[in-house]
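One structure is given here, and the rest of the page talks about it.
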Amino acid sequence: MNDSDCRINPRKLGTPRGESHAAVYTSGDRKNRNKPTRGRKKNIFEAYMSKEDVAAGLKRGELIQGPLRINPKKYHEAFIPSPDGIRDIFIDGVVARNRALNGDIVVVKMLPKEQWKVIKPDGSDKETEATHELDVPEELSGTCLPREPVKGDADRPDVIIEAQFDDNDAENGQENSQNVLADDIKKLSMDTSEKERDAERGCARGAKQDDVSKVNNPRLLQEKFLQRTAKVVCILEKKHSRATTGFIKLLADKSSELFKKCAMFSPMDHRVPRAYVSLADCPPDFVSRPEDYSSTLFICRIVDWREDSNFAIGQMAKSLGQAGEIEPETEGILTEYGVDFSDFSQDVLECLPQSLPWVIPPTELASRRDLRKECIFTIDPSTARDLDDALSCKQLPDGNLEVGVHIADVSYFVLEGTALDQVASGRATSVYLVQKVIPMLPRLLCEELCSLNPMKDRLTFSVMWKMTPEGKILDEWFGRTVICSCIKLSYDHAQSMIENPSKVFGPEELPPVSPQHPVDEIHQAVLNLHRIARHLRKQRFIDGALRLDQLKLSFTLDKESGMPQGCYIYQYRDSNKLVEEFMLLANMAVAHQIYRSFPQQALLRRHPPPQTKMLNDLMEFCDQMGLEIDFSSAGALHKSLNEMFGADSYAEARKEVLTNMFSRPMQMALYFCAGVLEDETLFRHYALNVPLYTHFTSPIRRFADILVHRLLSASLGSGRLIRMRKEAIQKQADHCNDRKMASKRVQELSADLFFAIFVRECGPLESEAMVMGVLNKAFDVLVLRFGVQKRIYCNALPLTGFRFEKVGKKPELTLLWEPETPEQEAAPQVITIFTLVEVVLTSDSGPLKYSAVLKRPGQEK
C-alpha cells in the first residue's frame, strides 16, 4: 500500500470512535506526554534523540540501553534490565515506550525520582521485573525437540511426536518448559516491615491523608521500596520483526474521509499497536461483507508509527485463513518471529552435490580415519530424520574402553562464503514445531548426505576417549573420520536394552541391523555406555552442576488430519541421560581444544549466574515458606532441590512447583567470541559449573556448531584457518542468540497451539493441580497431568467472598463458596503455596482460549 494513502488522514481523524485500546493512558503516559503546540496537532510521542546525542549520553552515563521486554499480560508495563543487575527499570505506559516493540534494543532516560514506581508491600503489587515469554532461560527451558512425523507410516495408526535430547537441556538444567510463571517471585508475596504493614492497614482503615501520601510519595521512601522508571528516547535496533497476526475491521466513523481508504488492523498480540491499513490491500468484498472476515487471520507489517498518532501504519502482507486452525496459526507464529520458512533458492541448491547418488570421493576417504567397520550406532527419537550424532564403545584388551562421539561433518558441505553458508548463517537454527521442522539446511543435507543413516557411509567429526569403566579419561583424540552406522536405535530401544541387560533381542524387536555387527555386540556397547554415563553424571553433580527438570508435553497426532488426539508428559529416562552425558563431554572437550588453539576467535557458550535481585527475592520467599534452600552455588541449589521433598506421592509435584520458581532468576546462556570478552571468569557456565563450554554436536540444526567445526578443523591442521575476525564472529554469535531465542519461543507457541486445540477438541479435561503462586485476587496453578500453568481468578468462581492475608509470613487466600442449597453454609477453602486442588480445563469462546476452572471442595475425585 501507498503510505500516502493514510499518512495525511490520520491527522484529520485523530482517534476513531470505538478504537480506544491504544489511546488509554496510564499515569506514566500522562506525565510524559508533550504539551500541545499552538498551530499544529500535538504530538503523542516524543521525537527520538539524535545518534550523536545518544552516543554522548551513553558515554556520560546519563542514558541506559538494553532490550525492551513488554509484559504480555499487561501491555502498558515494560522493562529493561538495569546495568547493576538488580531490579529492572520500569517503563510505564505506551507513551513512555515511545513506539518501541518487544525485544527492541532501546535507549532510555531516567525520570525524576518522584515519578519512580512505589512497590506495594502487600504482595499484590504489579510485576516489578521483566515478565515476558522468555523468562525461563533457553538452556534451562530444555528444548527437547519434537520431531517431524514420518508421513504415511502404515505400521502405526498414529504418529507419536517425541522429544529429542538437546544439549541445551543439561546446560541450564531443564528439559522442558511449557509456559513460564507470568509474575515475578515478588508477587508470590514478600514479607514487609511492621511499619509498612501498619501504613497499609492505616490506608485501609481510612488513615490521615498525610500518612497515606508518605507511603505513596517516592521522594519520602527509601530506594529499596522504589523501582526506577524511565522513558524510551531512541530505538537502537529494531529486533522485533514488525510482522504480526490479527484481524481487520472497518473504522467506526463511516462519515470520515479515512473510512473510504483505510481499515483498522487489530493484532492478536496487544503489545503491538493497532494499525491503519489500506482498503486496497484488503479482500475486494471486505467493505460490503466485513462480517465474513471477522475470524480470518491476516499478517500485517508495521511500516511506520508517527509521533502524532496513537496508531501505526501497516502494510497488509497476506490472508492466512481461519483463526484457531493449525496451519494459519502456525504460519502466523513463524512470520511474527521472523522465521524464514521459504524454499531454498536455486543459488543455494547449486551448492549441493549435483550428481546423485553421492559417494565419498576416494581422496576424502584417504585423508580420514576409517571407522566404518566399528560398531557405531545412533540413538534418537523414533521419528527423527536428521541424525547428527552417533556413539561407539569398544572394549580394549587392558580392561578399559574406547568411547567415541561421532558428529555429522556438515562443514564439508557448507563451505565458508557460499550462498549455502549465507542462508544457513541467516537462519542460524532449525525450528522445531509440534507437527514439522523448518530446517536450517536443505533436506538433501539434513535427511540424507549429512544424516548418519544406518548402513550408509558418512563423513563425521569424532571425539574419542580411552576411558576406565568408571569414566575416567586416560586419553583423548579429535579428528575427521568416516563411519557406517550399524543401526538406528530409538530411545525406547536403548531403554529396553538398559532395563533388560540379560535379554536376547530378536530381529523383530529392533530396526534393521548391519550383518557385520551382532545384536549382542550393540547391546553390550549400550550397557557399557550406560554404566559410564551414570558415573559421569554422578561426578558432574558432585562437581556442582545444576539441573532443573520441568514437565514437557508431547502430542499424538492423527495420521490423516494432523490434529492432536492425545498428549502426555514426556518421560526423560536413562537412555536420554546416556546420550546427554556424552554430548556434554564432547562439547566441553572441543571448547578446550578450540580455545587453546584460537583464544581470540573461539566461539564459546557462557551461562551467567542468576539475576541478583530476583534471586534475593526468591531466597526471601523460600525463607517465608520455611523452605531450607541453599542458593550459594548451582550445585548447592541442585542438592537442595533434590533432597528436601521426601517420598510421599506429591513430593514430585512440590518439586515441579519449586523448579518453576527457581527457573525465574536464571539468565540465558549465550554464544560469544572469546576474543571479545577480556575477563575469562565471564566465560563460565553457571548451570554446568565448568570454565569452558561450546556447541559442537548438532551442526545439522545449529549454525554455531558449524563455526565450531571449522575452528576445530583448523586447530587440527585439517582445514584452512577461519577467515572471520573476532568482531564478525561476535556479530554472528549475537545473531545465533537472537534466532535461538526466537526458535525457542516459536516452539513453545506451537505446543501452546496444539494444546489449546486439544482442549477444544477433547475437553473438558480434569487434572490435579498444585498452587504455585498466591496473589490477592487470584492464584497460579501447575496442572500436573499436562504440565501447563494457569491463573485462576477469584471473581470467576461462584464465591460469596474471599480473603487474602498473611499467615505468619505465608500468603493465603480463603475462598468462601456459595452454598449449593439454601440450608448449607458457605464452604471455606484455603489456598496457599503447594495446596493441591482439582481443576477442569475448558475451552473458551475465543478460538484458542481455554481456562482452568477450580472444582468446588467435595467435588474432587
Side-chain angles (χ1 to χ4, degrees), residues 72-73 132-134 136 141 144 146 149 158-161 163 176-182 244-247 266-272 294-299 320-337 339 431-436 550-558 561-570 660 744-767 769 780-793 796 839-854:
K73 293 195 173 182
H132 58 99
E133 66 266 79
L134 295 171
V136 175
S141 74
C144 279
D158 305 305
V159 180
I160 304 294
I161 306 300
N176 317 297
S177 163
Q178 279 307 106
N179 304 319
V180 297
L181 271 177
T244 183
T245 57
F247 304 95
S266 296
M268 294 176 69
D269 183 349
H270 294 303
R271 295 171 296 179
V272 181
S294 60
S295 61
T296 301
L297 271 183
F298 292 87
I299 292 177
L320 291 174
Q322 289 298 298
E325 293 182 2
I326 289 174
E327 288 312 314
E329 295 281 356
T330 296
E331 186 174 341
I333 292 167
L334 293 171
T335 304
E336 284 191 31
Y337 283 86
V339 175
V431 179
Y432 290 83
L433 307 170
V434 170
Q435 79 278 32
K436 60 185 176 183
Q550 285 185 284
L551 301 176
K552 159 78 177 178
L553 258 189
S554 291
F555 295 87
T556 308
L557 305 184
D558 182 270
S561 68
M563 294 286 280
Q565 61 176 197
C567 65
Y568 57 95
I569 298 293
Y570 183 74
N660 276 278
K744 174 180 179 290
R745 183 58 184 151
V746 166
Q747 186 180 327
E748 291 168 350
L749 289 171
S750 178
D752 291 348
L753 166 65
F754 273 78
F755 187 67
I757 291 173
F758 179 67
V759 174
R760 185 185 73 195
E761 299 296 319
C762 304
L765 307 171
E766 296 188 7
S767 173
D780 293 323
V781 297
L782 178 66
V783 182
L784 298 176
R785 181 178 164 195
F786 303 110
V788 298
Q789 299 166 30
K790 294 298 287 183
R791 178 163 293 177
I792 297 175
Y793 294 91
V839 298
V840 181
L841 300 181
T842 58
S843 193
D844 291 346
S845 56
L848 292 173
K849 303 290 184 185
Y850 67 93
S851 301
V853 179
L854 184 66

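Worth knowing before you read on, the calculation uses all heavy atoms, side chains too, and leaves out hydrogens, waters and symmetry mates.
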Working note: Gln322 + Ser295, criterion side-chain hydrogen bond (donor to acceptor under 3.5 Å, both in side chains); need CA distance, chi angles, decisive distance, verdict. CA-CA 6 Å; Gln322 289 298 298; Ser295 61; 2.7 Å; yes
Nearest 0.5 Å, what's the [atom1]-[atom2] distance between [X] and [Y]?
X	Y	atom1	atom2	value
Met268	Ile333	CE	CD1	8.5 Å
Leu320	Glu331	CG	CD	5.0 Å
Cys567	Ile757	SG	CD1	12.5 Å
Lys552	Ile569	NZ	CD1	10.0 Å
Glu327	Leu297	CD	CG	12.5 Å
Phe555	Gln565	CZ	CD	12.5 Å

Would you say Thr244's side chain and Pro267's backbone share a donor-acceptor pair under 3.5 angstrom? no
Whether the side chain of Arg760 engages the backbone of Gly324 through a donor-acceptor N/O pair (distance < 3.5 Å, no angle test) should be reported. yes
Would you say that [X] contacts [Y] through its side chain, given a criterion of any heavy-atom pair below 4.5 Å between the two side chains?
X	Y	result
Asp752	Val788	no
Tyr337	Leu749	yes
Val853	Val839	no
Thr245	Phe298	no
Met563	Ile326	yes
Leu553	Phe754	no

Donor + acceptor pair across side chains of Gln435, Thr330 (<3.5 Å): yes
Any luck finding a side-chain donor-acceptor pair between Asp844 and Ser851 under 3.5 Å? yes
Any carboxylate oxygen within less than 4.0 angstrom of a Lys/Arg side-chain nitrogen, looking at Glu336 and Arg745? no
Sequence-distant partners of Glu325, salt bridge (charged side-chain N to carboxylate O under 4.0 Å, His left out), two or more places apart: none
Contacts of Glu761 meeting salt bridge (charged side-chain N to carboxylate O under 4.0 Å, His left out) (sequence neighbours excluded), chain-then-number -> none
Whether Lys790 engages the ring of Tyr850 as a cation-pi pair (distance to the six-membered ring centre under 6.0 angstrom, angle to the ring normal within 45°) should be assessed. yes
What are the two closest heavy atoms between [X] and [Y], and how far apart are they?
X	Y	result
Tyr570	Ser554	CB-OG, 3.6 Å
Leu841	Val759	O-CG1, 4.0 Å
Gly562	Leu557	O-CD2, 3.9 Å

What's the verdict on side-chain hydrogen bond (donor to acceptor under 3.5 Å, both in side chains) for Asn660 and Gln789, showing C-alpha distance, side-chain angles and the deciding distance? CA-CA 10 Å; Asn660 276 278; Gln789 299 166 30; 2.6 Å; yes
Assign the ring pair Phe758 / Phe786 to parallel, tilted or perpendicular, where the plane angle (0 to 90°) is split at 30° and 60°. perpendicular
